[in-house]
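Structure first, then comments.
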Protein chains: 2
Amino acid sequence: MPDADGHPEVEEMRFGDVLAALADPHRRSVVAELLDQPEGTERTCASFGLPVSKSTLTYHFRVLREAGLIRQVNRGNSRKVTLRGADVDQRFPGLLQMVRDEAP
Amino acid sequence: MPDADGHPEVEEMRFGDVLAALADPHRRSVVAELLDQPEGTERTCASFGLPVSKSTLTYHFRVLREAGLIRQVNRGNSRKVTLRGADVDQRFPGLLQMVRDEAP
DNA sequence: TTGAAGGTATGATCAATTGCGGACCTAGAT
DNA sequence: ATCTAGGTCCGCAATTGATCATACCTTCAA
């Protein structure tokens with residue numbers, strides 16, 4: 001069962017959902033950017049500079065979160081995004097490397 | 001440039017298109033089934049037994065074809081489907097193995 | 001206590017995806 | 001000549017996806 005914020009466990013991550021999440025260029029760019037930074041780097045949703053409104057931003061990060069690609073935790077004021085790199089690697093080895101290789 | 005039937009060259013295959021094509025369960029099952037058979041196996045679209053109409057079948061195979069995952073060639077009477085296994089492996093190493101691992 | 005920064009929720013809109021039936025095409029079999 | 005199998009193409013309907021504006025919530029800082 002996913003937690004209250006919709007984070008699935010590693011075993012619960014579904015391939016179709018992950019593929020669909022990564023199929024969108026905006027969402028893939030978020031993952032690619034996180035891959036390019038040190039493990040565990042925390043970012044705000046807004047810090048990725050996606051050219052969409054705040055509410056659309058929320059939508060995209062929800063898709064990524066519910067697919068299991070990112071984690072979002074409350075840090076008082078803001079809500080920080082981290083890549084679930086180890087989890088994704090465990091469930092779908094090689095997939096994130098593909099995203100990294102594809103990055104522009 | 002893709003050929004007249006919409007088959008992209010290896011270098012032209014786009015990650016987003018491939019991910020979107022594989023995100024659909026029907027289409028992923030086609031790829032999984034082809035992966036489970038000898039290299040170069042030729043199949044008709046209908047032989048996969050997808051629970052959709054003929055016209056919907058055409059649509060799904062077009063998505064797979066234009067993403068670069070399958071090849072469709074005229075064989076007189078029918079039109080045969082083959083997996084572009086080597087091409088996909090060259091462009092996105094490890095991706096097809098993921099589909100295989102996920103198959104039920 | 002007021003304001004600002006960061007997010008969420010809701011409801012609407014518009015585009016893309018998925019689906020269908022039906023008309024049609026081509027090649028092989030009858 | 002006609003039939004059939006396998007597919008395509010063309011509308012069209014239904015669903016899902018992406019987007020926005022607006023209103024709202026929470027926490028920190030002034």
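A quick note: this is a predicted structure, and the numbers were derived from the prediction, not measured. Note on naming: letters A, B, ... go to the chains in the order of the sequence lines (proteins, then strands), and numbering restarts at 1 for each one.
With hydrogens and angles ignored, the 3.5 Å screen pairs no side-chain donor or acceptor of B:His26 with any backbone N or O of B:His60. With hydrogens and angles ignored, the 3.5 Å screen pairs no side-chain donor or acceptor of A:Arg75 with any backbone N or O of A:Arg79.
Using a 4.0 Å heavy-atom distance criterion, A:Ser53 is classed as a base contact.
For B:Asn74 and C:dA27, the CG to C1' distance is 10 Å, given to the nearest whole Å. Following rounding to the nearest Å, A:Lys80 (NZ) and C:dG6 (P) show an atom-to-atom distance of 9 Å. The interatomic distance linking A:Phe61 (CZ) with C:dG7 (P) rounds to 8 Å, in whole Å. Atom CG in B:Leu50 sits about 13 Å away from atom C1' in C:dG19, given to the nearest Å. The distance from atom CZ of A:Phe48 to atom P of C:dG7 is 10 Å, rounded to the nearest whole Å. Atom CG in A:Leu57 sits about 10 Å away from atom P in D:dT19, given to the nearest Å.
Residues B:Val81 and B:Leu34 come closest through the heavy atom pair CG1-CD1, 4.1 Å.
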Please step through side chain to side chain donor-acceptor pair (under 3.5 Å) for the pair B:Ser55 and B:Thr58, ending with a clear verdict.
CA-CA 5 Å; B:Ser55 45; B:Thr58 296; over 6 Å; no
Check nucleotides 16-18 of chain D for protein N or O atoms closer than 3.5 Å to its own N or O atoms and list the pairs.
from, atom 1, to, atom 2, distance (Å)
D:dA18, OP1, A:Arg27, NH2, 3.3
D:dA18, OP2, A:Arg27, NH1, 3.2
D:dA18, OP2, A:Tyr59, OH, 2.1

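The pair B:Glu102-B:Arg28 does not count as a salt bridge, with every side-chain nitrogen at least 4.0 angstrom from each carboxylate oxygen.
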Treating primed atoms plus P, OP1 and OP2 as sugar-phosphate and everything else as base, which nucleotides of nucleotides 22-30 of chain D get B, S or - for protein heavy atoms under 4.0 Å?
-----BS--
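When side chains are defined from C-beta on, B:Cys45 counts as touching B:Gln72, because their heavy atoms get closer than 4.5 Å.
Using a 30° and 60° split on the angle between ring planes, A:Phe61 and A:Phe48 fall in the tilted class, from 30° to 60°.
Checking C:dC20, C:dG6, D:dT19 against every side-chain atom of A:Thr44, the shortest atom distance belongs to C:dG6.
Remark: A:Phe92 CZ to B:Leu95 CG distance equals 11.5 Å, nearest 0.5 Å. A distance of 13.5 Å separates NZ of A:Lys80 from CD1 of A:Ile70, quoted to the nearest 0.5 Å.
OP1 and OP2 of D:dG7 both lie 4.0 Å or more from every side-chain N or O belonging to B:Gln72. Proximity of B:Arg79 to the phosphate of D:dT8: a side-chain N or O atom is located under 4.0 Å from OP1 or OP2.
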